[in-house]
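One structure is given here, and the rest of the page talks about it.
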Amino acid sequence: MKLIVAIVQPNRLEAVKAALADVDVFRVTVMDAQGYGQQRGKTEVYRGREFTVSLLRKVQLMIAVNDEFLEPAIDTIVEASRSGESGAVGDGKIFVLPLEDCIRIRTGERGGEAI
Amino acid sequence: MKLIVAIVQPNRLEAVKAALADVDVFRVTVMDAQGYGQQRGKTEVYRGREFTVSLLRKVQLMIAVNDEFLEPAIDTIVEASRSGESGAVGDGKIFVLPLEDCIRIRTGERGGEAI
Amino acid sequence: MKLIVAIVQPNRLEAVKAALADVDVFRVTVMDAQGYGQQRGKTEVYRGREFTVSLLRKVQLMIAVNDEFLEPAIDTIVEASRSGESGAVGDGKIFVLPLEDCIRIRTGERGGEAI
Amino acid sequence: MKTKRLAPLSFCLLAVVLFFLSLFCPISYASADEAPPTWEKMSIEQKLDTLKSSALEVGDDGVVANSNLYVETNTLWTCLAAFLVFFMQAGFAAVECGFTRAKNACNIIMKNLMDFSIGSLSFWLVGFGLMFGVSYSGLFGTSDFLFDAGDNSFNWAFLIFQTVFCATAATIVSGAMAERTKFSSYLIYTVFITVIVYPIFGSWCWGGLFNGSGWLEGRGFLDFAGSTVVHSIGGWAALAGAIVLGPRIGKYKGKEIRAIPGHNIPLAALGVFILWLGWFGFNPGSTTAVGGGSFAFIAVTTNISAAAGALGAMIISWIMFKKPDPSFALNGALAGLVAITAGCDIIPVSYAALTGLLAGVLVVFSCVFFDRIHVDDPVGAVSVHGVCGAWGTLAIGLFATDVGLFNGGGTTQLVTQATGVGAAFLWSFSLSLALFYTIKVTVGLRVSEEEEIEGLDLTEHGIYAYPPAFVNGVQSAGGSTLGAAAPSAATSAIPSVEGA
Amino acid sequence: MKTKRLAPLSFCLLAVVLFFLSLFCPISYASADEAPPTWEKMSIEQKLDTLKSSALEVGDDGVVANSNLYVETNTLWTCLAAFLVFFMQAGFAAVECGFTRAKNACNIIMKNLMDFSIGSLSFWLVGFGLMFGVSYSGLFGTSDFLFDAGDNSFNWAFLIFQTVFCATAATIVSGAMAERTKFSSYLIYTVFITVIVYPIFGSWCWGGLFNGSGWLEGRGFLDFAGSTVVHSIGGWAALAGAIVLGPRIGKYKGKEIRAIPGHNIPLAALGVFILWLGWFGFNPGSTTAVGGGSFAFIAVTTNISAAAGALGAMIISWIMFKKPDPSFALNGALAGLVAITAGCDIIPVSYAALTGLLAGVLVVFSCVFFDRIHVDDPVGAVSVHGVCGAWGTLAIGLFATDVGLFNGGGTTQLVTQATGVGAAFLWSFSLSLALFYTIKVTVGLRVSEEEEIEGLDLTEHGIYAYPPAFVNGVQSAGGSTLGAAAPSAATSAIPSVEGA
Amino acid sequence: MKTKRLAPLSFCLLAVVLFFLSLFCPISYASADEAPPTWEKMSIEQKLDTLKSSALEVGDDGVVANSNLYVETNTLWTCLAAFLVFFMQAGFAAVECGFTRAKNACNIIMKNLMDFSIGSLSFWLVGFGLMFGVSYSGLFGTSDFLFDAGDNSFNWAFLIFQTVFCATAATIVSGAMAERTKFSSYLIYTVFITVIVYPIFGSWCWGGLFNGSGWLEGRGFLDFAGSTVVHSIGGWAALAGAIVLGPRIGKYKGKEIRAIPGHNIPLAALGVFILWLGWFGFNPGSTTAVGGGSFAFIAVTTNISAAAGALGAMIISWIMFKKPDPSFALNGALAGLVAITAGCDIIPVSYAALTGLLAGVLVVFSCVFFDRIHVDDPVGAVSVHGVCGAWGTLAIGLFATDVGLFNGGGTTQLVTQATGVGAAFLWSFSLSLALFYTIKVTVGLRVSEEEEIEGLDLTEHGIYAYPPAFVNGVQSAGGSTLGAAAPSAATSAIPSVEGA
Ligand SMILES: Nc1ncnc2c1ncn2[C@@H]1O[C@H](COP(=O)(O)OP(=O)(O)O)[C@@H](O)[C@H]1O
Ligand SMILES: Nc1ncnc2c1ncn2[C@@H]1O[C@H](COP(=O)(O)OP(=O)(O)O)[C@@H](O)[C@H]1O
Ligand SMILES: Nc1ncnc2c1ncn2[C@@H]1O[C@H](COP(=O)(O)OP(=O)(O)O)[C@@H](O)[C@H]1O
């Protein structure tokens, strides 16, 4: 089992969710995030003072998958979350972590069953 | 050492925290999350238009534990976060990740000591 | 590759970001978090009723690094996020997780390249 | 992009053009009147002409309109005061909304909007007649239903003025019953208070202002602008409601009392300022006439009492809780306003300050008291309107010029005032208690536990008042806090309320 | 720390001192007037002296000022009413801001501020003359530009009163065009509506109030306070704007219509209360005179219609959508206010209730209708002001005393009213359509897609209205929802939330 | 559930019943007056009777009340204007709250509430006497403490009007000292400004309005409604406060100046609209009489200047910073209002527009200037009230009818105006500087660094104004930004965001 942690642009969230459903990934946990990377920040101006907002809004998706779903899920996310055809700086990252166990709270099931 | 990541219903947060304290787990980091899974979304209506809110509010708990605390912690969370006796769809998941190291910033201690 | 998850005091965020840049770590994802640990909560009072706010505001940094950057990054974070010289209770923790893979969405690059 | 740069330039141009154009425009505002002769030197015809030009409306054809400037000025003032009092609805809505949680914000807004709307209609249809119609042995009015003033403009002004008063009494209740009352049941109650509870008590004290005559005014009971008639009546009904409803989930846990902070104190503060403004219509406007100009004196006592109330509550909260509490200071201002309402026309300014100061102190103790006996009143409506309304009514018996105990009068007036205060409590509290209980056992008064936890906005109205993340965010606070959909579960270290 | 404990104590002290000091201050407010003799027993000189002391301003030297209390009271009332109407700008700003998303809050605020500012200047420079100057064959005024009333105070009051009316018409448009219109282009349009669209139509109906004379008033068209002249004109211009602009990204997706909830319903509600208050200047103030006191009757009809409108909209939304919808109830109150504006002086109270009730029902159907034909009007401005303005104008032909079809009159008035309603639609809609189209093809009317997704606050003004986390939080809702900086883009490219 | 469906139906029913009931109610509002004969044809007795019915209050027994409609109308207008000015407190609270961070929202609200409350009491006790009592050689008043107007209603109105003016001057200060001042020390200062700074300067210019007489008015200094007396006095005190306090943590970092955006621009905008409304009491109300009706002209100049100020500030900010800045546009409207306050009665409309326009421009430059010299004024109070107050006072010397340099007058008036402006600066700035410094070295003026970082709401009042997540959320901005509980600390220790 793996835990996929994907940082994507907020406006791709829906596209990713929809695309994941197509490869039978129906469960996901979403969180607000602020990213900092190659992408340049935005400039705001208040009372004549410019200031750069260096943390940019991102969305983090966390998806626990059984191993066989890993690659399709990654491919799907990459595809659905890329801005335009060639992508843009700031489109984000996907991290894959080993997942040792998974428990469904409702039933107490464990392991691959519970994903 | 393991890192427990638990997604629970927001209204179980207090119960889980209290129950964890009973098994000597006193440290936890909590984050807002939005979940998407088997549980159906809520229907809202604005100016006559219904819309389904498919992302539902959850809370994520992150708890680093030494191995001997893992099972008690999991059992405690499962028990305290289940809705009613038989649980309800949407009650959430617990993920267990391997934790390679842990550092306490205040002292610089590392490993099991620092948990 | 490792995934560093650091829980720090919100007012150290800028210092940590700046210090990380000095050791060539330029990418980071930041999230709001609420912590619960040794640090005592704050007491608020509303209409004559005191209540303790036990969850305290923290910031979580998530940084994927190649192995050779791990120790410098950890040292940097510890140093930059400590309150005052000797640190204060509540200064936070750093967790190190194994990272199996990393994909840059824009290009589809994988592994160490993509960090 | 191009327009962006064009726009400021073109406006600059416009401004310059404007300016030069305007220089060519001869301004001659200063008028050079020749001073007319003094009154003594005028002939009768000259005097009459001067008076005509001042006080009469004369058509182009020289015809003098059948005008009545005196009455029209009274009518105007009464209307303006009514507009100010109307605006208090916005104040109540803001205060109640700000002092409760974000998940119930739409609901409290809707209650305030609809109780005014329904109250306006039902008071016109029925309430006004019961209050001001020809009285049936001093108990209630029997005429003037579906009120029609015909071409008597002042009476129309009187109607709108009394309507907004009635709506004030009604809207007080929503605050104490906030965050857990069924919307439809609240509407049913609104009809009831605007048709029965308020107008009938009103007829006892104020019926004589129109066609009626009430037993309390007959006994010399004084309540100039309604500390008792409006505020206590509303406050005691609120108390009945809060008791029948029971506290919000998570408010009391055994002996422990939990704070459930409001979600928007600046909104509540804005509401208090609006109410304070509205009170300048409420009290001075109750003259419904400019004659004698006593509205000015009343404006002073009203303002001083409110100021002293805010000060009193702040000081007491500072002493009792170590910090000057914003919500109590705001309540204190309102307490001062409510308290001076009864005697604003006859309590000297220095005593008005004292009345307000004591009201500010009283409201803090009262809020703490009701909390201790587990009556959950999220905005302090019972203490502000019920308790301080009673205090203010009694204050006449103590401080009023001539009749007050400390001001040369004996205890007669004080006893009469106490009678009125007691009658108001008995009437409003017991009647409301009966009604709320009836609603409870028939259609139900309170939403289900899940609905309350989810928030009334979503369950009763289908939509949140703000972006969901604001309504639902994990609160820094451990438990019983702000806007959280499920907050109260368990503070600190103990199992949750909901049953864990 | 020390001061903290000192401060309350010292204030206590101050309070005590204050109180004792004040006891030494003899208060003698009750004045003991000897009653003057009755009128009949007075001599002519006594009568004249009594009148003088009441109605004239007499200097210390006995010189009687050339005063005109009647006109001055009219002037005062007109000014006060203008102030109330001015305050409606705050109401519009709050309603429009609350009903749209957080990422566009500064922008909508700026539009409201600037359209009033520009409108104030341009109406004084040009608009007033076109509306009230000497008329060119009933079509537009030709004098009184750069208006200067000299020492005629009433005319200055008339100017400010008419200015705030003009600004009301202008500001209606911003709501329907919210969240996607270029700021600079909006300003251009503002100049246009305050200089051409509103004043010229105004001159047709109201020119005769000053130096003008219009063809519609000539035919007997009745619109007392501007259901058509102000609200419909604004509403139809808004319709043209919304059509030329097109819907917000993500609002319509094929046959599917998506909700884009507002970000602050309490703010919107506060706005509605402010508008309601302002309307007490708008309608009763349109008497611009106290003579006869008919403003009081008008205040009653205005209030009853608004109340009935809120009730009507709430009931209909409850029936249609299962829940009483706050945004529709708020729109309903406004609908009732707009509808009664035309006939507030001549529609009996019971019919005023009916007019409002039907307006409340109408506004819900109208909003649903425009949504169905994919005209995206975020705040319902077209329905509230355009449609209900037309309805209210026609209501005169049905319900007005004497002339109404149901009240003894025939259909003559109804036909005249329909003419006016039609003329307003043709004039405002087609002219605005032409103008918006011209702006569109020249400097551009709409921001770019990215700017719209990012939010106009950041792209047009450089700053968010709130902390970014509030503006940008992940919404519980999947897509086209509240305040999210970038919600809709994605949803337009892929299957909808509901369908995923 | 059942009630949910029952409720709308039952309301429908109620509505229908209401309607049919009402049809049976004969409405006869249109009254058929027989036109009275023209004035010329009336006998003296007829004339007198007509006048009586218009201008006198006659009891049922035919007794004519000793009424004085003229004075009563003046009293009414003065009171109404005072109510509007009172409402400015809400405006100030909203503006200051919106332009600062969420973690200090309760604190700023409390300061505004308490400075008005304390000011109301202390001005009545002491301030009024110092300002309007019999003057000691033109320097300060010596009578009328613990003011009691007895049965002179107009004087009560005068008291309340002057009280709200005094409170305005006091409340200006809180904005410039926001987010870092100790609450208890602020209260001490409030007593001081309302008892000493404002009343004594006021006695120099306005003492003659009552029993006093001041040296500045003696020299012909003109300040109709208080550009200098109220606004500059408040503004310069604010400047002293901001200087003694020092900037907020994180505002200046070496040569770098950082933005600390406000947390709620719509609230600030609502505040500006409320202030604009209040100004219609402030300026026109300063006539304290309806005679001559000049309040109407004043309303026009006030409005035009405000509009031009908003426009001017918007244009300048657009040119200077590429985007039309909402906070500057809002400041601009206030700048226009402050500037015209002195000469609103004698500056022609076109020059009023110019005065406002220049004030709008000036306020932007002034804010930038004070920022550059590291005076941290979060809301721009010094620029708006101090600088533009001075500008407006000088503008009389330039633009006023007859006396203005550009309007036929010479430089005499200009010099006199400059004297007054200078005196105000010297008096208010140096006295306040001394006082703030005294407070600083005794009880302390500023909260500790930790308290400032944590936010004054929590440390001074024990509670946040909003849900903690809103107050504390990680800001998208790197550092010195919105509402964050602890933003600036870090930035002060390390290279800035921009530099990182
Ligand atoms: N090494 C990393 N650790 C944590 N988060 C990262 C890392 N690299 C990228 N991110 C996240 O991904 C987002 C996009 O990264 P960025 O460098 O701007 O674009 P790109 O990856 O396309 O070059 C960042 O804002 C950050 O949130
Ligand atoms: N595979 C998964 N990956 C990430 N989050 C998940 C996963 N499965 C469940 N969750 C989280 O747990 C929540 C509850 O899951 P759900 O499927 O609705 O209920 P249940 O697990 O009881 O069947 C979801 O809203 C989501 O936040
Ligand atoms: N075992 C843990 N699991 C998850 N989060 C932890 C853990 N230990 C500490 N934290 C996080 O670190 C923060 C600081 O911990 P705390 O115990 O208060 O201070 P310290 O680590 O300096 O003793 C906590 O508020 C919490 O967010």
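Naming convention: chains lettered A, B, ... in sequence-line order (proteins, then strands); numbering from 1 in each chain.
Of the residues considered (E:Leu113, E:Thr78, E:Asp457), E:Leu113 shows the highest number of contacts with chain F, using heavy-atom pairs under 4.5 Å. Contact tally against chain F (heavy-atom pairs below 4.5 Å) for E:Cys79, E:Ala308, E:Ala90, E:Gly91: the top residue is E:Ala90.
Of the two parts of F:Leu48, the backbone and the side chain both hold a non-hydrogen atom closer than 4.5 Å to a non-hydrogen atom of chain E. Within the 4.5 angstrom heavy-atom criterion, only side-chain atoms of F:Ile44, from C-beta onward, approach chain E. With a 4.5 Å cut-off on non-hydrogen atoms, F:Ile298 does not touch chain E at all. Contact annotation for F:Leu84: only side-chain heavy atoms (C-beta onward) come within less than 4.5 Å of a heavy atom of chain E. For a residue to count as touching a neighbouring chain, one of its non-hydrogen atoms must lie under 4.5 Å from one of that chain's; by this rule F:Asn264 touches chain E with backbone and side chain alike. Proximity to chain F is limited to the side chain of E:Thr163, based on heavy atoms less than 4.5 angstrom apart. For F:Ser327, no part sits under 4.5 Å from any heavy atom of chain E, backbone or side chain.
From E:Ile108, atom CD1 reaches atom CD1 of F:Ile265 across 15.5 Å, with rounding to the nearest 0.5 Å. From E:Phe116, atom CZ reaches atom CG of F:Asn303 across 4.0 Å, with rounding to the nearest 0.5 Å.
Ring pair E:Phe86/F:Phe280 is perpendicular by interplanar angle, where above 60° counts as perpendicular and below 30° as parallel. Relative ring orientation between E:Phe87 and F:Phe87 is described as perpendicular, the plane-to-plane angle rising above 60° on a 0-90° scale split at 30° and 60°.
Taking the ring centroids of F:Trp279 and E:Phe83, they lie at or beyond the 6.0 Å cut-off.
Distance alone, capped at 3.5 Å, places no donor-acceptor pair between the E:Gln89 side chain and the F:Phe273 backbone.
Contact between F:Pro326 and E:Met110 at its shortest, heavy atoms only, is CA-SD, 3.4 Å. Of all heavy-atom pairs between E:Trp124 and F:Ser350, the closest is CH2-CA, 3.6 Å.
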